[in-house]
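Notes follow the structure.
In what follows, chains are A, B, ... by sequence order, proteins preceding strands, each numbered from 1. Note that the structure is a prediction, hence the values are computed from the model and not measured.
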Amino acid sequence: MSEADWPLFEVFIRSRSGLEHKHVGSVHAADARMAIEHARDVYTRRQEGVSLWVVRSADIVASDPEEADALFEPARDKVYRHPTFYAIPEEVKNL
Amino acid sequence: MYTQALDIHGKDPAASAEAGSQGARFQTRIDQEEKIEPKDWMPEAYRQTLIRQISQHAHSEIVGMLPEGNWISRAPTLKRKAVLIAKVQDEGGHGMYLYSAAETLGMSRAQMLEQLLSGAAKYSSIFNYPTLTWADIGAIGWLVDGAAIMNQIPICRCSYGPYARAMVRICKEESFHQRQGFEIMLTLTQGTHEQRAMAQDALNRWWWPSLMMFGPSDAESKHSAQSMRWKIKRFSNDELRQKFIDITVPQAHFLGLTIPDDELHWDEATQHYRVGSIDWSEFQAVLKGNGPCNRERLEARQRAHDAGRWVREAAAAHAARSRRDTAAQVAGEAA
């Protein structure tokens with residue numbers, strides 16, 4: 001019979017200061033402290049990071065891919081939100 | 001270290017691939033080189049094929065630590081020892097990346113481990129061969145990791161996102177594995193007569209099993225076509241094997257070693273090296289559990305699992321107590 005798995009934690013790494021934390025994978029651990037240690041061993045053997053975040057996978061709420069259109073489609077026809085939408089004469093500078 | 005194109009499917013995935021508009025839409029996404037992510041709809045057969053392949057790949061990394069771990073305590077210098085520890089640690093890490101990718105498809109880590117220990121799951125045949133001398137550590141890095149890289153680079157473009165991303169990470173780390181192996185071989189071949197003989201002996205024993213790592217020939221590989229349609233696989237077993245042969249033979253020549261194959265020759269017309277026929281009965285025997293070290297490998301995994309049980313239990317108990325303490329503290333502050 002198999003033992004139950006330890007909880008799953010998602011791992012995020014800040015690769016150097018000034019950059020955002022980025023998702024890299026997951027580890028199992030008995031608690032958050034151990035998750036940090038496992039994440040260190042598994043994901044930063046070559047100085048990949050200066051900071052780690054771990055968060056219980058069960059605590060992440062994700063959008064449903066089936067609803068992607070409903071969520072993101074409304075932004076598709078709003079090209080006027082981009083600077084290239086506006087025609088400015090060549091001779092006008094610094095705009 | 002690597003996956004083997006074992007093609008052991010429970011059933012013909014093509015036959016059970018869902019028909020209909022959802023299936024067609026899925027194939028269109030694949031054809032357009034879109035990545036499939038964990039929560040996306042996917043045909044059950046695609047899911048099962050990936051679970052099998054990724055978990056086999058993970059098991060191979062984990063079992064792959066054993067033949068090399070065998071030499072950590074006897075590495076000839078402190079430098080070699082540090083390098084070998086780092087390599088074995090990488091293989092463990094690769095196993096973890098891959099288990100983590102397989103879990104996104106809905107199989108638990110505990111289930112995968114159970115399948116490995118019970119013998120229900122396969123792992124690469126190569127790790128059932130013994131590491132008899134130090135030169136074997138060189139040969140494994142050079143040939144086994146070399147074959148692994150050849151196999152794995154195309155998987156970086158696999159249609160399933162988490163597998164592809166794990167593969168990118170693994171391939172980045174794998175290159176040092178192969179180079180340190182070649183360097184061991186180079187040092188031995190520049191050494192004494194005995195050291196050269198040891199290097200040749202290692203090549204003699206690892207050459208054919210390395211060629212078998214690419215899996216059965218295309219004619220025998222009946223599920224390859226579906227894996228190619230799904231873009232899990234990009235090149236056939238024979239294509240990858242040929243690439244490996246073409247780059248490795250000149251490396252052996254550089255080392256002054258002889259490939260153990262009387263029929264090996266350069267074919268001017270096709271611009272490829274041609275090898276003699278592979279003994280597939282040996283491959284099948286190793287896969288069925290009758291290789292030189294199959295039993296030993298699984299026993300070692302089982303022993304490690306059993307010996308670590310008290311640590312897992314203690315950690316779980318500690319975590320449970322900390323949770324209780326925190327809850328009591330919160331309740332006390334609230335009161």
Next on the checklist: When you compare the side chain of B:E91 with that of B:H177, does any pair of heavy atoms fall below 4.5 Å?
Outcome noted: yes
Checklist entry - What residue, out of B:H318, B:R323, B:R169, has the most heavy-atom pairs lying under 4.5 Å from chain A? => result B:R169
Item to check | A:E20/A:R14 ion pair, N-O < 4.0 Å | outcome: no
Checklist outcome for this item: The interface call for B:E313 against chain A, heavy-atom contacts under 4.5 Å, is neither
Checklist entry - NZ of B:K122 to OG of B:S60: how many Å apart, nearest 0.5 Å? => result 11.5 Å
Checklist entry - With only heavy atoms counted, which part of A:A68 is less than 4.5 Å from chain B, the side chain, the backbone, both or neither? => result neither
Checklist entry - Among side-chain atoms of B:T104 and B:Y163, is any donor-acceptor pair under 3.5 angstrom? => result no
Checklist entry - Do you know which of B:E37, B:E173, B:R165 has the most heavy-atom pairs with chain A at a distance under 4.5 angstrom? => result B:E173
Checklist entry - Are side-chain heavy atoms of A:R46 and B:F176 found at a separation under 4.5 Å? => result yes
Item to check | Which portion of A:R33 sits near chain B, non-hydrogen atoms under 4.5 angstrom | outcome: neither
